[in-house]
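Just below is one structure, and these are the notes that go with it.
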Amino acid sequence: MGGMVRVPENPEALLPLDLPEGEPWGYAFAQALLRAPWAFRALKPTPGLLDLIRWDLDRLHRELEARRRTWPLGALGLRPPHPAEEDLLQALLRRDPEGVVEALRAHGPWPFALYRAFRFDGEVHPLRALRLPRRDELVGYEAQREALEANARRFLSGKPALHTLLYGARGTGKSTAAKSLLHLPGARMVEVEKGALPRLGALLEQLASLPHRYLLFLDDLSLDPEDEAFHHLKALLEGSLEGPPENVLLLATSNRRHLVRRLGENPLPGEAPEAWDALQDTLALSERFGLVLTFPPLDKALYLKAVAHHLGRSLTPEEEGRALRFALERGFSGRVARQFAQTLL
C-alpha cells in the first residue's frame, strides 16, 4: 500500500517548484504532502485514511533520506518557509499522521495553504506575484471604499456580512476597489472567470472545507437570463436550499447597463412579456446582493483632482487644458485620469 504521494525524483524536478529558503528536499516533500490525493479527505479523516497516511509517511521518510544522501543541495529558494511547509515537514520527519492532519486542518491543502489569491477557470490556479492597487488610488469614491472595506472586515472577523455588487460606468474603479481588499489582514480572494460559472459549485465545495475565509470575485458581471450560468448564480445567492458556504463572500462588479444583456428599453408588463420577465430576473439577481455600491462617473473637478493625485502634484493651467482635451472622447473616469497622468511622467 502507499505510494500515492508523488515526490521529485531528481534535482531537475525541483527547479519548477516554488521552494522556500533552506534545504530544498524537505520542503519539496512537504509540498508533496499538501498535494496528496488524500489531502482534502484528511480534513475529516477516518481510521483507514490515517493508516494510508502512515504508510505514505514511512515510504516518504525513507525516500527523503535517500534523496538527501544522493543529492545534498543548498537552498534553491529565497522566500521564508510558510508555516504549512514547516508543520508538514516536521510531521514527515516524525512520521506522524495525526500531525499531517493537524497541519492540513490549520492551513488547508495546496494551493490554498501557500497563497492568498487565485484564479478559477474550472481549475484553481494560485497567483504568485500580486500587483495590488494602492489603497489610496481611488479619488472621489472614498465613501464606497469605506463601506466596502467595513463589510469585508466584518466577514473576515467571522461576523455576518453582505454579498456585494459594485456597479457603475467603465473605468470608475470598481475592480480596483475590489482588488484592494487584499490589503486587509487575512484577506484571500478567488477571481472566477465567466466561463467557469457553471462549475462554481465544485469550487464552493472545496472552499467550504477550508479553514480560511474567501472573497469570491466576479469581475464585469454580464449575463443573459437564458444562460444556465445566470440561473446557477441566481440560485447560489440565497435562492437555493444550500446557498454559498459560510466562509465565502461574493463580490461582483458590473456595468449596470450590461448586468443582463439584450434587455433593450425598460418594458411594461403587458407590452413585452419576455422582456419584462428578463427585467424581473435582472432585479432578482441584483437584489440578492445585500450591499450595492454605485460608482458614478467623475465630474470635471474630480477628474482633474484624480490626475493631480496620480502625479503627486498640482496641475499647471496648460496641463489642465491638455487633461480636459484628453478626456473629451474618453470621458471623465479614474482610468482616464491615470492614463493621462502617465503621459506626463
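Here the side chains of L218 and L197 are in contact, with some heavy-atom distance below 4.5 Å. Residues L88 and F29 fail the side-chain proximity criterion, which asks for heavy atoms closer than 4.5 Å. Under the 4.5 Å side-chain criterion, counting only non-hydrogen atoms from C-beta, R330 is not in contact with F340.
Minimum heavy-atom separation, T172 to P296: CG2-O, 3.7 Å. Between P297 and Y141, the shortest heavy-atom contact is C-OH, 4.0 Å. For the residue pair H125 and E123, the shortest heavy atom distance occurs at CD2-O, 3.4 Å.
By the ring pair (Phe, Tyr, Trp, His ring centres under 6.0 Å) test, F120 pairs with no residue at all, sequence neighbours left out. Looking at residues two or more places apart in sequence or on another chain, you find a side chain to side chain contact (heavy atoms under 4.5 Å, CB included) between E193 and R119, D121. Take Y214 and apply the side-chain hydrogen bond (donor to acceptor under 3.5 Å, both in side chains) test, not counting sequence neighbours, and it matches H212. With sequence neighbours left out, H61 forms a side-chain hydrogen bond (donor to acceptor under 3.5 Å, both in side chains) with no residue at all. Applying the side chain to side chain contact (heavy atoms under 4.5 Å, CB included) criterion to P37, with sequence neighbours excluded, gives M4. Applying the side-chain hydrogen bond (donor to acceptor under 3.5 Å, both in side chains) test to H82 and every residue at least two apart in sequence or in another chain returns nothing. Q31 is linked by a side-chain hydrogen bond (donor to acceptor under 3.5 Å, both in side chains) to E85, counting only residues two or more places apart in sequence or in another chain. Taking the side chain to side chain contact (heavy atoms under 4.5 Å, CB included) definition, one finds that L162 meets it with N151, L291, sequence neighbours left out. Among residues two or more places apart in sequence or in another chain, the side chain to side chain contact (heavy atoms under 4.5 Å, CB included) test is passed with A42 by W38, L49, I53, V101, L104.
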Expected list for residues 177-188: side-chain donor-acceptor pairs under 3.5 angstrom, two or more places apart:
unit_1, atom_1, unit_2, atom_2, d
S180, OG, T176, O, 3.4
S180, OG, A177, O, 2.7
H183, NE2, P133, O, 2.6
R188, NH1, G186, O, 3.4

Considering only distance and modelled atom types, tabulate donor-acceptor pairs under 3.5 Å from the side chains of residues 19-28, sequence neighbours left out.
unit_1, atom_1, unit_2, atom_2, d
E23, OE1, G26, N, 3.0
E23, OE1, R68, NE, 3.3
E23, OE1, R68, NH2, 3.1
E23, OE2, W25, N, 3.0
W25, NE1, W71, O, 2.8
Y27, OH, E86, OE1, 3.4
Y27, OH, E86, OE2, 3.4

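The environment of CD in E98 is crowded: more than 12 heavy-atom neighbours from other residues, nucleotides or ligands sit within 6.0 Å. In this structure, E205 places its CD atom where only 12 or fewer heavy-atom neighbours from other residues, nucleotides or ligands lie under 6.0 Å away. The number of heavy atoms from other shown groups lying within 6.0 Å of CG (L78) does not exceed 12.
Residue pairs meeting the salt bridge (charged side-chain N to carboxylate O under 4.0 Å, His left out) criterion with at least one member in residues 154-167, sequence neighbours excluded, do not occur.
Between the NZ atom of K194 and the CG atom of D219 there is a distance of 6.5 Å, given to the nearest 0.5 Å.
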